[in-house]
Amino acid sequence: VQLQAFGGGLVQAGGSLRLTCVGSGFTLGEYAIGWFRQAPGKEREGVLCFSPVDGRTYFADSVKGRFTISTDNTENTAYLQLDNLKPEDTAVYYCAAREGGWLASDLWVELSEYNYWGQGTKVTVSS
C-alpha cells in the first residue's frame, strides 16, 4: 500500500497549483482522503478531508473558498486544487488515507486517524 504525492512548486501569491496524490495497493475511492501541511517550525495541520461515504468535505478555516479536493477513482488519484495562494500557505503538503471512507467532523484533523501517508510535496508561495 502506497500513497505518492507530487505537484508542488514555487508560485507567486494569488497563483494556483494542483497537487496530485496517487494510491497503489488499495482502492482509494473506499478511503477518506485528507490533505495536511507542515510549515517550517510548525506542527502538521489539517487542510481538508473528503469522506466518500457521505460526500462531505471538511475544511480548515484558513483555506475555505480557496482549496478544493477532487478524486478520480478510475485513476486511484486524488487532487488538491490550491487557488488564490498566499505566502502563509507555504508548507510541505501531505495526502493521507483512512480505511472505511468516513471520518467524524471533529476527528478529520487528527493525524492518528489515517492509516496511510504520502511522502509530501513542497509548496512555496512568494509575495
Undergrad: Answer yes or no: is there a donor N or O on one side and an acceptor on the other, between the side chain of N76 and the main chain of L28, under 3.5 Å?
TA: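 Looks like yes, one N/O pair under 3.5 Å.
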Undergrad: Should the ring pair Y31 and Y116 be called parallel, tilted or perpendicular, given that the plane angle runs from 0 to 90° and is split at 30 and 60?
TA: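 It falls in the tilted class, 30° to 60°.
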Undergrad: Is any side-chain heavy atom of F6 closer than 4.5 Å to a side-chain heavy atom of L19?
TA: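 They are not in side-chain contact.
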Undergrad: Taking the six-membered ring for Trp, are W35 and F67 closer than 6.0 Å centroid to centroid?
TA: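 No, they do not, as the ring centres are separated by 6.0 Å or more.
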Undergrad: Check A5 against T121 and note the closest heavy-atom contact, atom names and distance.
TA: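 Closest pair (atom of A5, atom of T121, distance): O-CB, 4.1 Å.
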Undergrad: Under the side chain to side chain contact (heavy atoms under 4.5 Å, CB included) criterion, do L103 and E113 qualify, and how do the steps go?
TA: CA-CA 8 Å; L103 271 169; E113 292 293 323; 3.8 Å; yes
Undergrad: Is there a side-chain contact between T68 and L82 in this structure, where contact means two heavy atoms from C-beta onward sitting under 4.5 Å apart?
TA: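 Not touching, per the 4.5 Å side-chain cut-off.
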Undergrad: Enter the distance from D106:CG to W108:CH2 here, rounded to the nearest 0.5 Å.
TA: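 Here the rounded value is 11.5 Å.
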Undergrad: Does R44 count as lying over the ring of F36, i.e. NZ or CZ under 6.0 Å from the six-ring centre, within 45 degrees of the axis?
TA: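 No, R44 and F36 do not form such a contact.
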Undergrad: Report the C-alpha separation of S105 and Y58 in whole Å, then their side-chain angles, then the decisive distance to 0.1 Å, and conclude whether the side chain to side chain contact (heavy atoms under 4.5 Å, CB included) test is met.
TA: CA-CA 7 Å; S105 59; Y58 304 107; 3.5 Å; yes
Undergrad: Are the side chains of L17 and V123 in touch, meaning some heavy atoms are under 4.5 Å apart?
TA: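 Contact flag for L17/V123 side chains = yes.
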Undergrad: What distance separates S24 OG from Q4 CD, expressed to the nearest 0.5 Å?
TA: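 That separation rounds to 8.0 Å.
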Undergrad: Roughly how far apart are L80 CG and T71 OG1, rounded to 0.5 Å?
TA: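 It comes to 12.5 Å.
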Undergrad: Measure the spacing between CG of L3 and CD of Q119 and express it to the nearest 0.5 Å.
TA: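 Between atom CG of L3 and atom CD of Q119 there are 9.0 Å.
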Undergrad: Could you walk me through whether F59 and D61 satisfy the side chain to side chain contact (heavy atoms under 4.5 Å, CB included) test, starting with their C-alpha distance in whole Å, then the side-chain angles of each, then the deciding distance to 0.1 Å, before giving a yes or no?
TA: CA-CA 6 Å; F59 296 89; D61 288 343; over 6 Å; no
Undergrad: Nearest 0.5 Å, what's the OH-CH2 distance between Y94 and W117?
TA: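 If we round to the nearest 0.5 Å, Y94:OH and W117:CH2 are 9.0 Å apart.
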Undergrad: Could you please spell out the steps behind the side chain to side chain contact (heavy atoms under 4.5 Å, CB included) verdict for I33 and I69?
TA: CA-CA 9 Å; I33 300 300; I69 186 172; 4.0 Å; yes
Undergrad: Just by distance, no angles: are the side chains of S16 and D83 close enough, under 3.5 Å, to form a donor-acceptor pair?
TA: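 Side chains of S16 and D83: pair found under 3.5 Å.
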Undergrad: Mind checking whether T77 and T20 have side chains closer than 4.5 Å, heavy atoms only?
TA: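 SC-SC contact between T77 and T20 confirmed.
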Undergrad: What are the two closest heavy atoms between G120 and V92, and how far apart are they?
TA: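 So the minimum-distance heavy-atom pair works out to CA-CG1, 3.8 Å.
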Undergrad: Working to the nearest 0.5 Å, report the span between CZ of R98 and OH of Y114.
TA: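 If we round to the nearest 0.5 Å, R98:CZ and Y114:OH are 8.5 Å apart.
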Undergrad: Verify side-chain hydrogen bond (donor to acceptor under 3.5 Å, both in side chains) between Y93 and R37, making sure each step is shown before the conclusion.
TA: CA-CA 4 Å; Y93 284 71; R37 66 186 181 186; 3.0 Å; yes
Undergrad: Taking all non-hydrogen atoms of both residues into account, name the closest pair between P52 and G101 and its distance.
TA: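 The pair with the smallest heavy-atom distance is CD-O, 3.1 Å.
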Undergrad: If the threshold is 4.0 Å, N to carboxylate O, is there a salt bridge linking K86 and D89?
TA: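 Here K86 does not pair with D89 in a salt bridge, since their nearest N and O are not under 4.0 Å apart.
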Undergrad: Do R56 and F50 form a cation-pi contact, if we require the NZ or CZ to be under 6.0 Å from the six-membered ring centre and within 45 degrees of the ring's axis?
TA: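 The answer is no; the distance or angle limit is not met.
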